[in-house]
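Some notes on the structure that comes next.
Along the sequence shown, residues are numbered consecutively beginning with 1. Read the numbers this way: they start at 1 and go in the same order the structure lists the ligands and their atoms. Every value quoted in this text rests on a predicted model; they were computed, and no experiment measured them. Note: hydrogens, waters and symmetry copies are ignored here, and every other heavy atom, side chains too, is used.
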Amino acid sequence: PSTGRVLHTLNIRLFPEQLAFVVNHGEDEVVVVDASVLPLLAAVLDQLTTVKHFVVYGEGDLSALEGRSVHAYEELLAAEQPGYEWPELDERAAAAMCYTSGTTGDPKGVVYSHRSTWLHSLVAASGNGFAMTDRDKVLAVVPMFHANAWGLPYIAWAAGADLLMPARFLQAEPLAKVIQNEKPTFAGAVPTIWNDLLSYARKNGTDLSSMRFVVCGGAAVPRSLIEAYDELGVRIVQGWGMTETSPLAALSNPPKQATAADDVTWRARTGRVMLGVQMRVVDDSGTVQPWDGTSVGEVQVRGPWITGEYYRVDAADRFDDGWLRTGDVASVDRKGFVQITDRAKDVIKSGGEWISSVDLENALMAHPEVHEAAVVSVPDARWDERPLACVVRTPGSDVTPEQLRDHLLPLIAKWWMPERWSFIEEVPKTSVGKFDKKVLRKRHAEGDLQVEQLAP
Ligand code: ADP
């Protein structure tokens, strides 16, 4: 980016048509590709209309690129002459772009300027952010193509911290090894990754305690996960953000009034709005709600690193006078802590009232024999919609719906209690490891889930 080019990270887990779509739509001219994913590139090569050069990192079979302009990354570096004159760039010029994962319609591009990246890095690295310094060693686990995860390397760089980038080795075992050998002090990833790592670390006695701060987000972080890591000497702090927000917009560092007893409760909240970001909650009728911790509506944000538009797409309905409509449903308390109860597209509206799938999942995952749980809305003749609890048991467990119901009883409102239960092998995940509730709803609609029904 500092040469004036725009860095566009490609999501290698998109469907081929979507991958070709984002390269063409972004008018990418050079593709830098790791040799290990050349087959993915080969599958879309013929559809790419703007790419002039390919830069290949590592050794691999280049036959698919025959007849094209191909460069070896290491050779390009070796040929570099000293004395390159860095251009003076306008701070508002584009530095990078990232496309949303396209869960609804085509992926949409978000462009980050040098200025927005800089401001995002400063606030994120600051004391109320990650409090990062040059003594930190940062393990960046979120793939760089996801929600501008490049935000983290920039933050680390601004602070002078060291960086560990695990490439494609994002499974529990290699992560545990890298943590044990390299002793990072800081790491970031989505909850499912930390959940898998937790099981592995418990089984193998892995020492994870070098990490002083783990930022976890991308999906709601179960309280039980935060507590489990506390026991291992690792402090999880929840973060909230999205592709459109660079990504960090809220972080759950407890306020100074926090006590040892409620420290976890603060971190289990979605996060406190970051310095520089404005936040409001707007109900269905367009009324801005008070920050009282109970009034619920759609979260809207704006600020120097929040996008005000999508790249070459008219999506006026996603913005309101510079405010980004996030599609997340939440309340905000007096101190600016936001609590996401659902995504607009995942809400369960039962008898006209909202049931929070996020709260239900958290309560379920607090049961020691529940490995993962996703709660989705299913049609109901009487209440329009009711929750269906899809549960992955821990290995060897035969916990029953009745037992799980007893566990939930003291934790949730009575009318939230799921009648429908399904035990599944695994919760389907999106390309970045978030629960894919769309798939669960579809499987249920197609009669593909075995459902046990308890009497209400
Ligand atoms: P998508 O998941 O739709 O592809 P992003 O990858 O940009 O889009 O993720 C942004 C979304 O992730 C947010 O709008 C929100 O729904 C969810 N999210 C991120 N962090 C959290 C969090 N801490 N708690 C709950 N939801 C979160």
**Message:** Quick test of your reading of the model: are Glu446 and Lys442 salt-bridged, counting only N-O distances below 4.0 Å?
**Reply:**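 Lys442 and Glu446: salt-bridged.
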**Prompt:** Does a salt bridge link Asp162 with Lys137, judged by any charged N lying under 4.0 Å from a carboxylate O?
**Reply:** no
**Message:** On a heavy-atom basis, I'd like to know which of Arg343, Glu244, Gln339, Arg269 is closest to atom 1 (P) of ligand 1.
**Reply:**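 That would be Arg343.
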Does any N or O of ligand 1 fall below 3.5 Å from an N or O anywhere on [X], backbone included?
| X | value |
| --- | --- |
| Gly239 | yes |
| Trp240 | no |
| Lys345 | no |

Taking atom types as modelled, is there a side-chain donor on [X] or [Y] under 3.5 Å from an acceptor on the other?
| X | Y | value |
| --- | --- | --- |
| Asn148 | Ser246 | no |
| Thr185 | Asp136 | yes |
| Asp328 | Trp240 | yes |
| Ser113 | Arg92 | no |

Which of the numbered atoms in ligand 1 are under 4.0 angstrom from any heavy atom belonging to [X]?
| X | answer |
| --- | --- |
| Met242 | 7 (O), 10 (C), 14 (O) |
| Thr243 | 5 (P), 7 (O) |
| His146 | 6 (O) |
| Thr270 | 22 (C), 23 (N), 24 (N) |

**Prompt:** So is Asp328 close enough to ligand 1, meaning a heavy atom under 4.0 angstrom away?
**Reply:** yes
**Asked** Can you tell me if Gly218 has a non-hydrogen atom under 4.0 Å from ligand 1?
**Response** yes
**Request:** Write out all pairs satisfying salt bridge (Lys or Arg N to Asp or Glu O under 4.0 Å) with one or both partners inside residues 360-371, taking only residues at least two apart or from two chains.
**Result:**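 Of all non-adjacent pairs touching residues 360-371, those that pass salt bridge (Lys or Arg N to Asp or Glu O under 4.0 Å) are Glu361-Lys437.
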**Request:** Could you see which bit of Pro247 sits under 4.0 Å from ligand 1, with heavy atoms only: side chain, backbone, both or neither?
**Result:** neither
**Request:** Would you kindly specify which portion of Gln238 sits under 4.0 Å from ligand 1, judged on non-hydrogen atoms: side chain, backbone, both or neither?
**Result:** side chain
**Closest approach of Arg302 to Gly322 (non-hydrogen atoms, all atoms of both residues)** = CB-O, 3.2 Å
